[in-house]
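Encoded as structure tokens, the structure appears first; notes follow it.
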Amino acid sequence: TFNYDSVTETLTISGEGDITGYYWTGTNASPFQYCTVKHIVIEEGITALGNYIFHYVYDIESFSIPASVTTIQVYAMSYATFVGGAGNGFTVAEGNESFCADNGTLYDKNKTKLIKFVNSGLTEFTVPVTVSSIEQEAFYNDVTLEKLVLNGSNLVLQSYAIRDAKIKHLEINEGVKSLGDYCSIDS
């Protein structure tokens, strides 16, 4: 079930099981495509966020993930934009065994995959050394940083991991294995 509160600009998704079956265009496109939504709340009971569910959703300030979510497909937030700032970004419920958030940024539980970076007021960001994979569109065009430092042992950036992000200085340290296809910055 989807509920949108136009006063608070909050989208709440409730129910049981996976949310799947959307495509990037056509009659099966997400009902939220090209919408501005400030707050997204996924309630307990939802287990998976399928591809394109938040395709082209703009200006997200907060995104709450319950303990029950075990899967977020790679294109679930394709072209979605987040508004940076202190306190903005992802929160993950205690007890979630698949994901965690740190300072608004979404990771897998063990912090080996950086899924989506949200700039919560930082001017510089250093990828934690535990991260071995930066996922597609983790750093999208809504990201503005003075400096991004890539660290890690065998760190791999997936295709489009950095996509049109506004980064003035990119530091690539020893241990970065692959930059992936189509990575681009707008300095």
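We're numbering straight along the sequence, starting at 1. Quick caveat, the model's predicted, so the values are computed rather than measured.
Atom-to-atom distance recorded for Lys109:NZ and Phe99:CZ is 11.0 Å, nearest 0.5 angstrom. With rounding to the nearest 0.5 angstrom, the CD1 atom of Ile60 is 13.0 Å from the NZ atom of Lys38. Here CD1 of Ile167 is found 4.5 Å from CG of Leu148. Values are rounded to the nearest 0.5 Å. For the atom pair OG (Ser14) and CG (Asn3), the distance works out to 7.5 Å, reported to the nearest 0.5 Å. Interatomic distance, CD1 of Ile40 versus CG of Leu11, reported as 6.0 Å (0.5 Å rounding). Atom NZ of Lys177 is separated from atom CG of Asn154 by 5.0 Å, given to the nearest 0.5 angstrom.
Residues passing the salt bridge (charged side-chain N to carboxylate O under 4.0 Å, His left out) test with Asp18, sequence neighbours excluded: none. Ser178 pairs by the side chain to side chain contact (heavy atoms under 4.5 Å, CB included) definition with Val156, not counting sequence neighbours. The ring pair (Phe, Tyr, Trp, His ring centres under 6.0 Å) check on Phe63 picks up Phe54, Phe90, with sequence neighbours excluded.
Between the side chain of Ser120 and the backbone N or O of Gly104 there is no donor-acceptor pair closer than 3.5 Å. His55 places a side-chain N or O within donor-acceptor distance of the main-chain N or O of Ser78, the cut-off being under 3.5 Å. No donor-acceptor pair closer than 3.5 Å links the side chain of Lys166 to the backbone N or O of Leu145. A donor-acceptor pair is defined here as one N or O able to donate and one able to accept, closer than 3.5 Å; such a pair exists between the side chain of Ser68 and the backbone of Ile46. Under the 3.5 Å distance criterion, the side-chain polar atoms of Asn88 are matched with a main-chain donor or acceptor of Val83. Between the side chain of Thr47 and the backbone N or O of Gly17, at least one donor-acceptor pair lies under 3.5 Å. Checked by atom type and distance alone, the side chain of Asn96 pairs as donor or acceptor with a backbone atom of Pro66 at under 3.5 Å. At distances below 3.5 Å, not a single donor-acceptor pair connects side-chain atoms of Glu135 with backbone N or O atoms of Ile115.
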Worked verdict on Leu170 versus Leu150 for side chain to side chain contact (heavy atoms under 4.5 Å, CB included): CA-CA 8 Å; Leu170 178 63; Leu150 302 178; 4.0 Å; yes
Given side chain to side chain contact (heavy atoms under 4.5 Å, CB included), test Asp59 with Thr81 step by step and report yes or no. CA-CA 5 Å; Asp59 299 335; Thr81 62; 4.1 Å; yes
Hey, mind stepping through Val149 and Asn173 against side chain to side chain contact (heavy atoms under 4.5 Å, CB included) and telling me if it holds? CA-CA 7 Å; Val149 180; Asn173 290 326; 3.3 Å; yes
May I have the step-by-step check of salt bridge (Lys or Arg N to Asp or Glu O under 4.0 Å) for Lys111 and Asp102, ending in yes or no? CA-CA 9 Å; Lys111 277 191 166 178; Asp102 185 2; 2.5 Å; yes
Please step through side chain to side chain contact (heavy atoms under 4.5 Å, CB included) for the pair Val127 and Phe125, ending with a clear verdict. CA-CA 6 Å; Val127 174; Phe125 181 74; 4.0 Å; yes
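Ring geometry for Phe139 against Phe117 counts as parallel: the plane angle stays under 30°, on a 0 to 90° scale with 60° as the upper cut.
By the 4.5 Å heavy-atom criterion applied to side chains, Ile19 and Ile13 are counted as neighbours. Side-chain contact between Leu49 and Thr71: absent, with no pair of heavy atoms (C-beta onward) separated by less than 4.5 Å. No side-chain heavy atom of Asn51 sits under 4.5 Å from any side-chain heavy atom of Thr20. By the 4.5 Å heavy-atom criterion applied to side chains, Tyr4 and Glu9 are counted as neighbours. Counting heavy atoms from C-beta on, the side chains of Tyr107 and Asn110 never come closer than 4.5 Å. Counting heavy atoms from C-beta on, the side chains of Pro31 and Phe2 come closer than 4.5 Å. Counting heavy atoms from C-beta on, the side chains of Met77 and Tyr140 never come closer than 4.5 Å. Using a 4.5 Å cut-off on side-chain heavy atoms (C-beta onward), Tyr160 and Gln136 make contact.
The same ILVMFWY cluster, assembled from side-chain heavy atoms under 4.5 Å apart, contains both Ile42 and Val74. Cluster annotation: Ile172 is connected to Val143 through the hydrophobic network of ILVMFWY side chains, with a link wherever side-chain heavy atoms come within less than 4.5 Å.
For the residue pair Ile134 and Ala161, the shortest heavy atom distance occurs at O-CB, 3.6 Å. Val131 approaches Leu114 most closely through the heavy-atom pair CG1-N, 4.0 Å. What you find for Asn119 and Thr144 is that their closest heavy atoms are ND2-O, 2.7 Å. Closest heavy-atom contact between Ile53 and Gly50: CG2-O, 3.2 Å. Nearest heavy-atom pair, Gly95 versus Ala67, reported as atom, atom and distance to 0.1 Å: C-CB, 3.8 Å.
A salt bridge is defined here as a Lys NZ or Arg NE, NH1 or NH2 lying under 4.0 Å from an Asp or Glu carboxylate O, and Lys147 with Glu171 meets this definition.
Each of Tyr79, Tyr75, Tyr22, Phe32 was scored for a ring-ring contact (aromatic ring centres under 6.0 Å, His included) with Tyr52, with one residue passing: Tyr75.
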